[in-house]
Every structure is written in structure tokens, then in C-alpha cells.
Amino acid sequence: MIRDLLCMTAPVREGFDIPCHEIGPKSSHPAAAFVAGLHGDEINGIFILSRLADFLNSVEAGKYPELHLLKRVLIIPAVNVLGVNLRTRTWPFDKSDINRMFPGGTTSETTQRIAYAVLEATKRAEHRVDIHTASADFEEIPQVRLYGPSDAERETARLLGLPAVMERSLSPVFTTTLLHSWKAWPGQSFVLRVGQAGTVQLGHCQRVFRALVSFLGRIGVLEGVQIAVEDEETCFFNKASAHRVFAEKAGTFVSDRQVGRWVGSGQELGYIYDSFGGTVIEKVVAPVAGLLTGIRRHPLLFEGDLILRVNRKG
Ligand SMILES: [Zn+2]
């Protein structure tokens, strides 16, 4: 079933609403809740979750006789639905970041009401997942982000079957995120970061889609799933494992390397060219041996811009 999470009116256009899929047996709360598009330009997550909703609706319709949805799943593919339409990260009317509006409220600004509705719909789920991307300039490996996790969340993160799990402490500054609000409730909370904003990266999306379907099988929500054994292991990385390379010179950065590959210390990963002269002015090399977990995709560099990140295996 698809319903509107929240219907809103706008002064100079037709109203708009945030679609919300509720799929599977009725219950007081969903077993799993998935959210994407808090930022309107993060299309990978929106694509993954709209495909997941279509797949689970097909399961419910009997198209996959071997699969059975045993528990309820809630999916909100695009919270910032107006930002998606206008291709903006923030809420278009007041440029506010919806992921800084939690826990929200019922009588205040539109973005506060949106935050409140999202939190109310998802907070009682046993497993909660919020999908993001890096910026439009930078690509990140599909990864689970844990912020001040419990041991149970660390264990479950492995079940998501993505190549990397990045652990951070819970920020004392960003207390107004969806993840932070979820943490006040029983159950487990995860952020996924998948690729870069502004585009659909099909390989990453397919990988995460398969991972989420397997995950629903592993946590007993979807029965009959053939659990794919990924040939890659999941690596856990803490903050200290990250080694970053910043641009020493301005220019045009070009690289044909893909995130998710293991690289050797000193291995050439790209070049900075003189933007108008065309000569190579800097070779960009891996600072340590490890996994290439992020790389700049916008070619035009200022001095000091982040070019790439390699995580050393702990
Ligand atoms: Zn985001």
C-alpha cells in the first residue's frame, strides 16, 4: 500500500505529498523502516528505495511464489520530495536542511512538520536505515555508517553485506539528525552512504538493492531469500584508519580508478593537469596501502580540496 506520509499545500502551486510505502502484514509498527532523500539531490538512495518498494509490492502480489513477507516494511523513498523536483539538497522554500530539523514538531515550520512525520512513522521499527550519498563532487564506496553504535548494531551492520562499515562517535554537535532522534528509541539504527549526489550510479544501486533484500532475509522479515555470498568481506574501519589526500595545486583532476579497490602505498591513482596548458602538474598517489573508499569526481580543483581517501585495514 502506498499512502501519503504528509500532504502539504503551497502558496503558488498545487499541493505536494511525501509518498510512503507500507508493505506486508499489518502490525502496530514496522519491523524495518527505510528512508532516503532527506537531501533532494541524493538520487542513489531514492532510486534504491523506490526499486525496493516495487520489488516488495511484487512479492506481496505473488509474483515471486518462493518469497513471503513475514513482517511489515515501511519505505519513504524521498523525504525532500520538493527538493527532488527542483534538484536541490535542501528544502527549496527556505533552504533548510531537513536532516537538521529532527525531532521536528507539529505546529512549526514545514520542514519541522516533515521531520516529525518521518520520525513518528519510523521510530518504533526494530531496524531503521537512512540512506545518503556524498556530495555531487565526491564519490563514496557503498558503506554502513555507525555513530556511537551498540554491540548489537555492530553485529547487524555485518548483515547488511556492504564492503565497508565506518564507525564514528556520535556527534555532540549534530543532535538534530534523524539518526540521532532514532537513537532515543529501542531498536537499531544505520546510515548508509552510497556513491555521489546528483546521479544514479547503477552499479552501486544494484549492489545496495541486493544487500537490502538479503538483509531483509537475514533479519527474518522476508522468507525464502537466497542469501548471496558476496566474495568480498566486510571491512570495519574506525576514524583513525582514514588517510586523505588534498590537492597541493589547483588544476584539473582526472582519475579512472574505482572506489572499492585495494591499492598499494604510492600507487598512482590520478593526475592533476594544468587546466589550460594540459601538462601533468601532479601525480596523485595512495598515501598508504588500503581500500580506496572515496574519490573526487568533479575535475576542477582548488588548492586544498579533498581528492581521495584510502582506509588502512585495521
Ligand atoms: Zn544526505
Side-chain angles (χ1 to χ4, degrees), residues 5 18-20 33-52 75-104 110-112 114-119 121-123 128-149 157 160 162 164-168 170-171 173-183 189-201 204-205 207-209 211-212 239 242 259 293-298 306 309:
L5 184 72
I18 300 171
C20 174
F34 298 94
V35 176
L38 280 169
H39 298 131
D41 64 344
E42 299 182 354
I43 312 170
N44 282 338
I46 297 167
F47 184 64
I48 291 164
L49 289 194
S50 58
R51 297 292 302 130
L52 185 66
I75 299 175
I76 306 172
V79 174
N80 185 359
V81 65
L82 207 55
V84 177
N85 275 290
L86 296 174
R87 304 186 191 179
T88 58
R89 172 184 174 86
T90 55
W91 183 248
F93 292 140
D94 59 6
K95 306 281 183 278
S96 60
D97 183 336
I98 299 178
N99 207 21
R100 298 287 178 273
M101 291 296 156
F102 288 90
T110 305
T111 46
Q112 300 251 354
I114 293 171
Y116 182 83
V118 171
L119 184 59
T122 55
K123 67 188 185 185
R128 303 169 290 242
V129 178
D130 177 21
I131 307 181
H132 289 265
T133 69
S135 73
D137 292 350
F138 200 79
E139 179 184 10
E140 296 242 12
I141 188 176
Q143 63 194 258
V144 183
R145 285 277 179 114
L146 297 176
Y147 295 90
L160 280 155
L162 292 178
V165 177
M166 307 274 188
E167 185 168 331
R168 302 280 184 276
L170 195 60
S171 167
V173 181
F174 298 121
T175 56
T176 52
T177 65
L178 175 57
L179 183 97
H180 205 281
S181 286
W182 275 346
K183 288 215 164 240
S189 309
F190 306 91
V191 166
L192 304 189
R193 267 164 85 95
V194 181
Q196 74 190 97
T199 180
V200 167
Q201 294 166 294
H204 290 333
C205 290
R207 174 89 201 249
V208 175
F209 175 88
L212 293 181
K239 200 171 182 183
V259 295
T293 53
I295 191 161
R296 186 178 175 86
R297 291 304 182 202
H298 197 297
L306 176 63
R309 191 183 59 226

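Numbering of ligands and ligand atoms starts at 1, following listing order. For this chain, numbers begin at 1 and follow the sequence in order.
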*asked:* Among residues at least two apart in sequence or on other chains, which ones pass ring-ring contact (aromatic ring centres under 6.0 Å, His included) with H39?
replied: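 ring-ring contact (aromatic ring centres under 6.0 Å, His included) check on H39 returns H132.
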
*For the Zn ion (ligand 1), count the protein N, O or S atoms found under 2.8 Å away.*
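The number of such protein atoms is 4.
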
_Donor-acceptor check, side chain of K183 to backbone of Y147, threshold 3.5 angstrom: yes or no?_
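The answer is yes, because a donor-acceptor pair under 3.5 Å joins these two groups.
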
_Restricting to side-chain contact (heavy atoms from CB on, under 4.5 Å), what partner residues turn up for T133, sequence neighbours left out?_
E42, N44, A197

*Is there a side chain to side chain contact (heavy atoms under 4.5 Å, CB included) between H204 and V259 once you walk through the steps?*
CA-CA 10 Å; H204 290 333; V259 295; 3.7 Å; yes

*Who are the side-chain hydrogen bond (donor to acceptor under 3.5 Å, both in side chains) partners of Y116, not counting sequence neighbours?*
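side-chain hydrogen bond (donor to acceptor under 3.5 Å, both in side chains) check on Y116 returns nothing, list empty.
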
*asked:* Within the 3.5 Å criterion, strictly below it, is a donor on S96 or D94 matched to an acceptor on the partner's side chain?
replied: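 Looking only at side-chain atoms, D94 and S96 do form a donor-acceptor pair, the distance falling under 3.5 Å.
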
